Every structure is written in structure tokens, then in C-alpha cells.
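The sequence lines fix the lettering, A, B, ..., with proteins before strands; numbering per chain opens at 1. All of these numbers come straight from a predicted model, not from anything done at the bench.
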Amino acid sequence: MALLERCRRGELGAFEEIYRAHSGRLYGLVLRMVGNPADAEDLLQEIFLSAHRKLDGFRGESALGTWLYRLATNQCLDHLRSKSARAGQLTDALDDEPAMADGRSRGIADETVARMDLERALAQLPEGCRAAFLLYDVEGLEHREVADALGIAEGTSKSQVHKARLKLRALLGGRTQA
Amino acid sequence: MSCNRYRDAIHELVDGTLGPVRRAELQTHLDVCPECVALVADLQKIRDAAATLDPVQPRDHVWMQIAGRLRQEGRVTVAAPSRHRHLAVFAMAAALVLAIAGSLYVLRLTDTPPPTNTATTENPGATTPVSNDATARGNAVSSDAVQSITDDLAAADQHYQSAISKLQDIAKASGGSLDPDTAAVIDENHKIIDQAIAESRNALQSAPQSAPAQHSLFEALSQKVTLLQSTIALMNEMRKGNSAGAAQLVDRAKKS
């Protein structure tokens with residue numbers, strides 16, 4: 001908490017320490033959420049500026065990293081929603097009914113999934129389950145932390161991660177997801 | 001349809017969070033269901049691939065822009081540098097010392113006057129008068145030339161000293177933006193140069209027209225000016241929180 005206190009007192013160096021510690025993971029999350037480096041850099045700036053403005057309200061109930069993930073996912077989802085709204089599209093942030101594997105689905109033929117293939121498939125996921133997958137399977141948060149970051153119930157976090165995995169399986173297996 | 005019953009259990013199996021009772025139940029199903037076995041394998045592949053997605057470092061300018069915005073909004077104060085930046089600046093200052101000390105070392109290798117230039121004071125019979133003693137031996141043309149050189153040197157020296165004095169005033173007024181360790185490294189840098197200046201002056205007193213000694217003095221004075229300019233610029237960049245700008249200064253100092 002000493003570092004946070006120094007930030008609250010307006011010490012730029014202390015805030016830079018927080019930035020250095022978290023910017024890589026947050027930028028990875030944001031970039032994979034929005035898919036565009038220029039937008040991701042703008043959003044990362046906004047996330048840290050927002051974090052600095054809200055530092056007084058951070059009481060440490062959750063880890064600082066989880067709190068930053070929450071700010072980041074909110075910024076990303078807002079950005080994607082406003083972008084969709086501008087384009088006149090309707091998107092569902094969270095998918096209600098996870099798809100289930102069925103006997104006709106084609107599995108992943110390769111022994112392993114290439115990183116780039118996964119990146120491409122991730123970009124095609126609905127944003128809500130993409131965020132849950134990134135936080136849980138990529139960033140390694142627990143479901144309660146994902147739920148906290150996304151402002152959803154823990155059970156919803158699980159169902160969104162499961163949904164994302166099944167959609168990824170379909171995308172990586174070459175089957176067109178309904 | 002029976003596969004749906006095992007949906008969550010399959011994911012939990014992949015996550016490693018499935019308890020032993022449900023695991024045994026799932027295993028019974030997997031023994032007779034190749035589709036679900038394939039699903040487990042594929043989900044594991046996806047989990048493994050997800051683990052290879054590393055953090056991505058944003059470009060340096062992102063932090064610069066954040067720091068600039070925070071300063072603009074008056075949300076931060078200029079404070080002691082963070083340990084990260086402290087170490088970076090300390091390394092920059094050390095690089096500056098190496099660059100300047102290295103160049104002076106080269107000068108010292110070349111500033112030993114050739115024996116013929118100083119021999120006259122010890123050898124009154126020498127035919128090439130090059131010291132002040134030459135005046136006493138009645139060589140009027142050489143004496144004028146020597147005096148002219150001495151005057152030019154004094155004027156140039158005065159010019160440098162004036163510039164150094166002004167820069168020192170600016171550096172003093174800008175003081176406080178460097179941490180003590182970095183300031184100590186820069187002080188050490190100044191001591192090296194001051195010593196080179198003193199040694200060059202001593203050499204010129206005994207041989208005023210020694211070209212290597214003249215070169216050494218003016219090179220050291222020039223280095224002093226450069227170091228003061230770099231120090232002031234470094235102070236300005238650190239006050240602005242611009243670590244990248246400070247790094248560029250050192251790069252330039254290394255190349256100069």
C-alpha cells in the first residue's frame with residue numbers, strides 16, 4: 001500500500017512503477033480485445049489515466065491487478081459497443097446459451113494449436129466471452145476474479161469461458177459456428 | 001443428449017479443478033464416448049495454446065503521453081524518481097562519464113609534447129627557440145609570434161570560462177531534479193575534466209606554444225561546456241519525466 005499512497009500524493013515515479021508492472025499484461029488483454037494496436041494504445045492510456053483518477057476510491061478489496069483488469073475490460077467493452085453502435089450493429093456482450101459439443105462438430109486436427117491461429121480465432125469471438133476467456137485462460141485469473149473484473153456472477157464467468165472454448169474449438173476445427 | 005450432463009465436468013477436468021467423485025463419474029462416460037474424449041483433448045490444446053499468449057509490451061511513447069497528461073491535469077508533482085528511472089538515469093550518467101573520460105584518455109595519450117619542443121630551456125644551444133626564454137636570447141620575430149599566440153589563447157580561454165560560468169549558474173538554478181547518486185556521478189565527471197584542464201594549463205605554462213598542450217586544454221574546456229550543457233538538458237528532461245529524452249541525450253553524448 002505504500003506505493004499506492006505515494007501515487008495518491010501525486011508522485012509520478014510511484015505511478016510509473018505501477019505502469020511498468022501491469023502495462024504488458026493489460027496491453028496484451030486490450031490488444032486482443034480490440035484487435036488494433038493504435039486503438040489499444042489509446043485505450044491503455046485511458047485505462048491508466050482513469051486508474052490514477054480513481055485511486056482514492058480503490059480500497060484494496062481486490063488485488064490491484066484485478067482492479068486494473070476491471071477498468072481495462074470496462075474500457076474495452078465500452079469502446080467495442082460504441083464502435084458497434086456507430087456501425088449500426090448490435091452485439092451481445094455476453095452470450096446466454098453456451099454451445100455444446102455435438103457429434104457432428106469437427107475436432108482440431110493438429111496435435112497443437114498454433115499461437116497465431118488462436119489469435120485469429122479469438123478475434124472472432126463475441127466480446128463478452130472473449131474477455132472472460134482472456135482473463136481466465138490467458139491471464140490466469142480465478143473465476144471469482146473474472147467475475148469481479150467483468151461485474152458478473154461467478155457462474156456466469158464459468159459459462160462464458162466454456163462458451164468461448166467451444167466456439168474456439170469450432171473455429172479452429174474449421175466448422176462454421178451457428 | 002447425455003453428453004450435456006458432463007459439460008461442466010469436462011471443462012473442470014481440463015482446468016484441473018474436478019473433484020475425485022465427479023472425475024470417476026466422468027471417466028465412466030469417457031470410456032464409452034469418443035466424442036467427449038475428443039472434446040477433452042481439443043479443450044486441452046486450446047488451454048495449452050492460451051498459455052503461450054504472452055504479455056505484449058506497449059511502445060515507450062504510451063507512458064510518456066500518460067505522464068504528460070497527468071502533469072497537464074496537475075495530478076502529479078515532480079518528485080524523486082522511481083527506482084526504475086533512478087537506475088536508468090544513473091546508468092545514463094555513468095555512460096556519459098565513460099564517453100567523456102574515454103575521450104580525455106585519448107587526449108592524454110597524445111598531449112605529451114615532443115622532446116624538441118621543450119628542449120630549449122635545458123639546451124641553450126638549440127637553434128629553434130620555442131619558449132619564453134627565446135625573448136631573452138633576442139629572437140624578436142619568434143617573440144612576437146609567441147606573444148600573439150599567447151594572447152589568442154588567453155582570449156579563447158576567457159571565452160570558454162565565461163561560457164562555463166554562465167552554464168554553471170544555470171545548472172545551479174536547475175539543481176534538485178537529479179537524484180544524489182546521479183549528481184555524484186556527474187560531479188565525478190566534472191572532476192575528471194577539471195583535472196585535465198589543470199594539467200593542460202600546467203603544460204602550457206612551461207611550453208605556451210605546445211600544440212598538443214593547447215589542443216588538450218581547449219578540448220577539455222570544450223568537454224566541460226558539453227558536460228554542463230548535457231547536465232542541464234538531463235535535468236530538464238528528468239523534470240519533465242522524459243526518460244526517453246534523457247536516453248537520447250546520452251546516446252548523442254556517446255556518439256559525439
Side-chain angles (χ1 to χ4, degrees), chain A residues 6-7 9-17 19-20 23-32 37 40-42 44-45 48-49 52-53 98 100-103 105 107-108 110-115 117-119 121-122 133-134 136-140 158-159 161-162 164-166 168-169 172-173, chain B residues 1 3-8 10-12 14-15 17 33-59 61-71 73-86 179 238 240-241 243:
Chain A
R6 285 166 53 209
C7 289
R9 287 200 301 265
E11 195 180 310
L12 183 61
F15 194 61
E16 184 179 356
E17 285 187 42
Y19 175 84
R20 300 287 172 202
S23 59
R25 303 202 76 84
L26 288 176
Y27 182 63
L29 171 70
V30 173
L31 182 59
R32 287 170 183 126
E41 287 183 351
D42 287 347
L44 189 67
Q45 274 189 53
F48 275 96
L49 288 168
H52 197 276
R53 291 182 196 117
M100 185 50 204
D102 63 62
S105 66
I108 300 169
D110 296 330
E111 283 298 305
T112 57
V113 174
R115 192 176 62 83
D117 290 340
L118 181 60
E119 296 267 21
L122 269 172
F133 178 86
L134 287 170
Y136 185 78
D137 275 335
V138 178
E139 301 303 329
K158 285 183 184 174
S159 66
V161 172
H162 297 177
R165 289 174 178 170
L166 295 176
L168 285 171
R169 184 191 188 220
L172 292 163
Chain B
M1 285 297 288
C3 293
N4 277 330
R5 286 184 52 216
Y6 300 100
R7 182 189 65 188
D8 289 345
I10 286 173
H11 285 280
E12 288 172 37
V14 172
D15 290 339
T17 57
C33 181
E35 292 293 336
C36 284
V37 169
L39 176 62
V40 169
D42 286 353
L43 294 183
Q44 189 59 56
K45 289 176 194 173
I46 291 168
R47 279 277 284 173
D48 292 345
T52 68
L53 299 184
D54 295 325
V56 186
Q57 291 304 322
R59 292 182 294 170
H61 74 88
V62 176
W63 167 249
M64 298 301 169
Q65 287 170 343
I66 292 168
R69 289 267 299 274
L70 290 173
R71 273 194 301 272
E73 294 173 12
R75 302 189 59 81
V76 292
T77 54
V78 176
S82 66
R83 179 162 178 75
H84 174 89
R85 203 173 74 202
H86 169 98
D179 64 272
M238 294 320 295
K240 289 188 284 184
S243 303

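Contact count against chain A (heavy-atom pairs under 4.5 Å) is highest for B/Leu70 among B/Asp48, B/Leu70, B/Asp54, B/Leu43. Ranked by heavy-atom pairs shorter than 4.5 Å toward chain B, the options A/Lys158, A/Arg32, A/Arg115 are led by A/Arg32. When B/Ala38, B/Pro58, B/Pro55, B/Ala41 are compared by the number of non-hydrogen pairs under 4.5 Å with chain A, B/Pro58 comes out ahead.
Using a 4.5 Å cut-off between heavy atoms, B/Glu73 touches chain A through its side chain atoms alone. At a 4.5 Å heavy-atom cutoff, the contact between B/Ile66 and chain A is made by backbone and side-chain atoms alike. Residue A/Leu31 touches chain B through its side chain alone, counting heavy-atom pairs closer than 4.5 Å. Within the 4.5 angstrom heavy-atom criterion, atoms from both the backbone and the side chain of B/Asp8 approach chain A. Within the 4.5 angstrom heavy-atom criterion, only side-chain atoms of A/Leu122, from C-beta onward, approach chain B. Heavy atoms closer than 4.5 Å to chain B are found nowhere in A/Glu139, neither backbone nor side chain.
Between B/Lys45 and B/Asp42 there is a salt bridge, since at least one side-chain N of the basic residue sits less than 4.0 Å from a carboxylate O of the acidic one.
Between atom OG of residue A/Ser23 and atom CD of residue A/Gln45 there is a gap of 12.0 Å, rounded to the nearest 0.5 Å.
Ring planes of A/His52 and A/Phe15: perpendicular class, angle over 60° (limits at 30 and 60°).
Considering all non-hydrogen atoms of both residues, B/Ile46 and A/Leu172 come closest at CG1-CD1, 4.0 Å. Here the closest heavy-atom approach between residue A/Gly24 and residue B/Gln57 is recorded as CA-NE2, 3.6 Å. Of all non-hydrogen atoms in A/Phe133 and A/Ala164, the two that sit nearest each other are CB-CB, 3.6 Å.
A/Val30 places none of its side-chain heavy atoms less than 4.5 Å from the side chain of B/Val56.
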